[in-house]
Trainee: 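Okay, handing you the structure first.
Each residue takes its place number in the sequence, starting with 1.
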Amino acid sequence: MEEIDELIAHYGLEEDKEHVIIPYTDKNGRENRCYLLKRRYIRIVYSEEHAIDYPLIDAIEATIRYPELLLSEAMSLFYKETNKKIPEGTSIHKESLQESDDMSEESV
């Protein structure tokens, strides 16, 4: 997570134990904050069957560039602007979710 620490220092962001905190001023001049969980990846679910796990460093950069957009829109613009390849999506199957629910119940 060294890259995340470097981004925090580079942009002067805030953080707590669980979050990277991105302060920004909205179009009305109000100060706001965006909180992103400190994880290597952040999952955006586009439908019941499709999700993409984005690197947190890319999510931070996208949020800094486009703080007022939905994260999914900011990510799309960020990847277009930087000519980076969007990570491959993950298919979400209801059967696999059901199996994981069954497993968690068994382990209790």
Trainee: Side-chain contact, heavy-atom cut-off 4.5 Å: P55 with P87?
Mentor: yes

Trainee: With rounding to the nearest 0.5 angstrom, report the OG1 to OH distance, T63 to Y35.
Mentor: 14.0 Å

Trainee: Quick one: do R33 and H19 satisfy side chain to side chain contact (heavy atoms under 4.5 Å, CB included)? Show the steps, please.
Mentor: CA-CA 11 Å; R33 291 184 170 150; H19 303 92; over 6 Å; no

Trainee: Can we say K38 and E15 salt-bridge, meaning some charged N sits less than 4.0 Å from an Asp/Glu carboxylate O?
Mentor: yes

Trainee: Of the non-hydrogen atoms in H50 and G89, which two are nearest, and what is the gap between them?
Mentor: CE1-CA, 3.7 Å

Trainee: Given 3.5 Å as the limit, does a donor-acceptor pair link the side chain of E14 with the main chain of V20, or not?
Mentor: no

Trainee: Same hydrophobic cluster for Y66 and Y79, using side-chain heavy-atom links shorter than 4.5 Å among ILVMFWY?
Mentor: no

Trainee: Could you tell me whether K84 and E61 have a side-chain N and a carboxylate O separated by less than 4.0 Å?
Mentor: no

Trainee: Where the side chain of N28 meets the backbone of R30, is there a donor-acceptor pair that is under 3.5 Å apart?
Mentor: no

Trainee: Under 4.5 Å between side-chain heavy atoms, hopping through other hydrophobics if needed: is there a path connecting Y11 to I57?
Mentor: yes

Trainee: What's the shortest heavy-atom distance between L71 and A59, and which atoms?
Mentor: CD1-O, 4.2 Å

Trainee: Determine, using the 4.5 Å side-chain heavy-atom cutoff (strictly less than), whether Y46 and F78 are members of one ILVMFWY cluster.
Mentor: yes

Trainee: Yes or no on side chain to side chain contact (heavy atoms under 4.5 Å, CB included) for N32 and T25, after CA distance, side-chain angles and deciding distance?
Mentor: CA-CA 6 Å; N32 290 305; T25 304; over 6 Å; no

Trainee: Would a hydrophobic clustering, with Ile, Leu, Val, Met, Phe, Trp and Tyr connected at side-chain separations under 4.5 Å, put L56 with I8?
Mentor: yes

Trainee: Could you give the distance from CZ (R40) to CG (D53), rounded to the nearest 0.5 Å?
Mentor: 13.5 Å

Trainee: Please lay out, stage by stage, how I60 and L13 fare under the test side chain to side chain contact (heavy atoms under 4.5 Å, CB included).
Mentor: CA-CA 10 Å; I60 292 169; L13 305 177; 3.8 Å; yes

Trainee: For the CG atom of L36 and the CD1 atom of I21, what is their distance to the nearest 0.5 Å?
Mentor: 10.0 Å

Trainee: Could you go through E68 and Y24, starting from their C-alpha distance and side-chain angles, then the distance that decides it, and tell me whether this counts as side chain to side chain contact (heavy atoms under 4.5 Å, CB included)?
Mentor: CA-CA 9 Å; E68 292 191 41; Y24 68 96; 3.9 Å; yes

Trainee: As an exercise, state the distance from CD1 of I52 to CD1 of I44, rounded to the nearest 0.5 Å.
Mentor: 7.5 Å

Trainee: Does any part of the side chain of T82, heavy atoms only, come nearer than 4.5 Å to the side chain of R65, both counted from C-beta?
Mentor: yes

Trainee: First locate atom CG of L69, then atom OG of S76, and finally report the distance between them rounded to the nearest 0.5 Å.
Mentor: 10.0 Å

Trainee: Does CD in E73 sit with more than 12 non-hydrogen atoms of other residues, nucleotides or ligands closer than 6.0 Å?
Mentor: yes

Trainee: Which pair of heavy atoms, one from A62 and one from A74, lies closest together, and at what distance?
Mentor: CB-O, 3.7 Å

